[in-house]
Amino acid sequence: MKSPLLTLPGAVPAEGVDEGVAAHYGDLFREQRALADGTGFVDLSHRGVVAVTGEDRLAWLHLLLTQHVSDLPAGRATEALILSANGHIEHALYLVDDGATVWAHVEPGTQEALIAYLESMKFFYKVEVADRTADTAVVHLPAGSIAEVPEGVVVRETPHGRDLFLPRADLETYAAQAGPPAGILAHEALRVEQHRPRLGFETDHRTIPHELGWIGSAVHLQKGCYRGQETVARVQNLGKPPRRLVFLHLDGSEVHLPVAGTELRLADDGPDGRKVGFITTSARHHELGPVALALVKRNVAVDAPLVAGDTAAAQEVVVEP
């Protein structure tokens, strides 16, 4: 879904998964600094929006999600996953209940598969699931923002900022008074700095929550059964995940960033050394320079110098080995 804000001055369209919104508006580092200072907004109107209504909505979602939501207070933000039977991550939901409806935003293009799964699990529960992407746009206000929120707009407030579920018809009007726009690249650079995983970026077909540090924030270990719980419990109680998320400081002298999928090797092993991981997201940060998130094998020493392609990389622990 193409955003009307792509007509704003300087807007350069994003590509790939984030197609439909602006990559940037002409000055990536200025946009990052504005967000870090708590000003401006990010157009996330390409993200899918799913709404669940009905008196059983929280009790029903509690049975399906990795998060404890049966007693979720109105207005409290949370996040949750849906796992496969083998415990692999299939969906990531960013949730808030407004007292009558559970609102969730999800990765672009994933809402149809998510809704199909939810519909298949309704059984006798009094719930209705709706795709609200066509009429609802997600807008992100950074932490510290004092921008006004229109009356009646559902807000999901987190330590990283506020996500607004804004009527899509009001997007241009709101943007005109919300401060300077920042593109998705600025938003992604801060996400990488904050070590926050993203479905489809830090995940592949075999990722389990422990590898990305999603235990606690998106997975509740003391709730009842849900699909994939056996894997979560077994790894938590009896073992360790095969991989772990790391934050990388990349050699700033290189002109090009190593792209997602770039293989990681131990620097001491040289260019023909064995693969020990791969880049998941890379970014140019306004203060830290080139940085990345990556998945590495659990047994890679936390202080081992790495090489991403031809680029030197120093680790920072996100998930303990």
Side-chain angles (χ1 to χ4, degrees), residues 61-70 72 77-95 104 106-107 110 113-114 117 158-160 188 191-248 260-266 274-282 291-304 306 308 313-321:
L61 285 171
H62 185 78
L63 298 174
L64 306 177
L65 304 180
T66 57
Q67 187 58 273
H68 196 299
V69 297
S70 60
L72 185 67
T78 192
E79 58 187 37
L81 307 174
I82 289 178
L83 307 180
S84 72
N86 293 322
H88 301 137
I89 300 168
E90 293 189 342
H91 294 281
L93 297 81
Y94 299 86
L95 306 160
V106 299
E107 287 298 324
T110 65
L114 171 61
Y117 171 69
T158 76
H160 306 292
E188 283 289 280
R191 177 181 72 81
V192 171
E193 177 198 10
Q194 295 156 358
H195 306 166
R196 291 187 289 128
R198 183 177 173 189
L199 182 78
F201 287 65
E202 279 60 60
T203 68
D204 57 22
H205 66 284
R206 59 192 182 97
T207 307
I208 61 175
H210 308 72
E211 296 177 319
L212 304 183
W214 253 328
I215 300 299
S217 63
V219 179
H220 195 286
L221 293 175
Q222 279 76 50
K223 62 158 289 188
C225 292
Y226 54 86
R227 190 173 70 174
Q229 185 194 23
E230 294 84 358
T231 297
V232 171
R234 184 169 62 251
V235 174
Q236 185 68 22
N237 296 323
L238 301 176
K240 295 284 188 177
R243 303 176 297 182
R244 58 184 178 87
L245 185 69
V246 297
F247 178 75
L248 299 178
T262 300
E263 294 184 351
L264 289 168
R265 291 176 168 79
L266 296 174
R274 64 186 178 90
K275 175 185 172 182
V276 298
F278 58 94
I279 298 286
T280 58
T281 306
S282 59
V291 293
L293 293 175
L295 278 174
V296 300
K297 294 181 178 179
R298 179 175 58 84
N299 60 2
V300 172
V302 297
D303 57 352
L306 303 176
Q315 296 182 67
E316 190 173 302
V317 175
V318 177
V319 174
E320 294 288 342

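This chain uses plain numbering: 1 for the first residue, then up along the sequence. Note that the structure is predicted; figures quoted are calculated from it, not measured.
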- Hey, is the main chain of Q67 close enough, under 3.5 Å, to the side chain of E79 for a donor-acceptor pair? no
task = Compare all side-chain heavy atoms of L264 with those of L248 and state whether any distance is below 4.5 angstrom.
result = yes
Run the side-chain contact (heavy atoms from CB on, under 4.5 Å) check on V296 and L306 step by step: do they pass?
CA-CA 10 Å; V296 300; L306 303 176; 4.3 Å; yes
Salt bridge (charged side-chain N to carboxylate O under 4.0 Å, His left out) filter on E193, not counting sequence neighbours, yields none
Residues 193-244 vs ring-ring contact (aromatic ring centres under 6.0 Å, His included), sequence neighbours excluded, gives H68-H220, H195-F247
task = Could you please spell out the steps behind the side-chain contact (heavy atoms from CB on, under 4.5 Å) verdict for R198 and T281?
result = CA-CA 9 Å; R198 183 177 173 189; T281 306; 5.9 Å; no
Q. Do L83 and T231 come within less than 4.5 Å of each other through their side chains, counting heavy atoms only?
A. no
Smallest heavy-atom separation, A77 atom then T158 atom, equals CB-CG2, 4.0 Å
Shortest non-hydrogen pair, P209 vs G87, comes out as CD-O, 3.7 Å
K240 atom NZ: more than 12 heavy-atom contacts under 6.0 Å = no
task = Take R244 and V302, measure what side-chain contact (heavy atoms from CB on, under 4.5 Å) needs, and give me the verdict at the end.
result = CA-CA 10 Å; R244 58 184 178 87; V302 297; 3.8 Å; yes
query = Side chain of K223, backbone of L65: donor and acceptor closer than 3.5 Å?
reply = yes
Looking only at heavy atoms, the pair that brings A304 and L266 closest together is CB-CD2, 3.9 Å
Stepwise side-chain contact (heavy atoms from CB on, under 4.5 Å) test for H88 and I208
CA-CA 5 Å; H88 301 137; I208 61 175; 3.8 Å; yes
Between A308 and T262, the two heavy atoms sitting closest are C-CG2, 3.7 Å
dist I82:CD1 -> L61:CG (nearest 0.5 Å) comes out at 8.0 Å
Taken to the nearest 0.5 Å, the spacing of L64 CG from R227 CZ works out to 9.0 Å
Worksheet item: Within a strict 4.5 Å, meaning less than it, do heavy atoms of the V246 and V300 side chains meet?
Response: no
CD (Q236) and CG (L221) are apart, to the nearest 0.5 Å, by 4.5 Å
| query | Given side chains that start at C-beta, do those of R298 and P242 come closer than 4.5 Å, heavy atoms only? | reply | no
Shortest non-hydrogen pair, L81 vs T66, comes out as N-OG1, 2.9 Å
Rounded to the nearest 0.5 Å, the CG atom of L293 sits from the OG1 atom of T280 at a distance of 5.0 Å
Residues E90 and S84: closest non-hydrogen pair is OE2-CB, 3.3 Å
Residue pairs passing the salt bridge (Lys or Arg N to Asp or Glu O under 4.0 Å) test with at least one member in residues 200-211, sequence neighbours excluded, are R191-E202, D204-R243, E211-R243
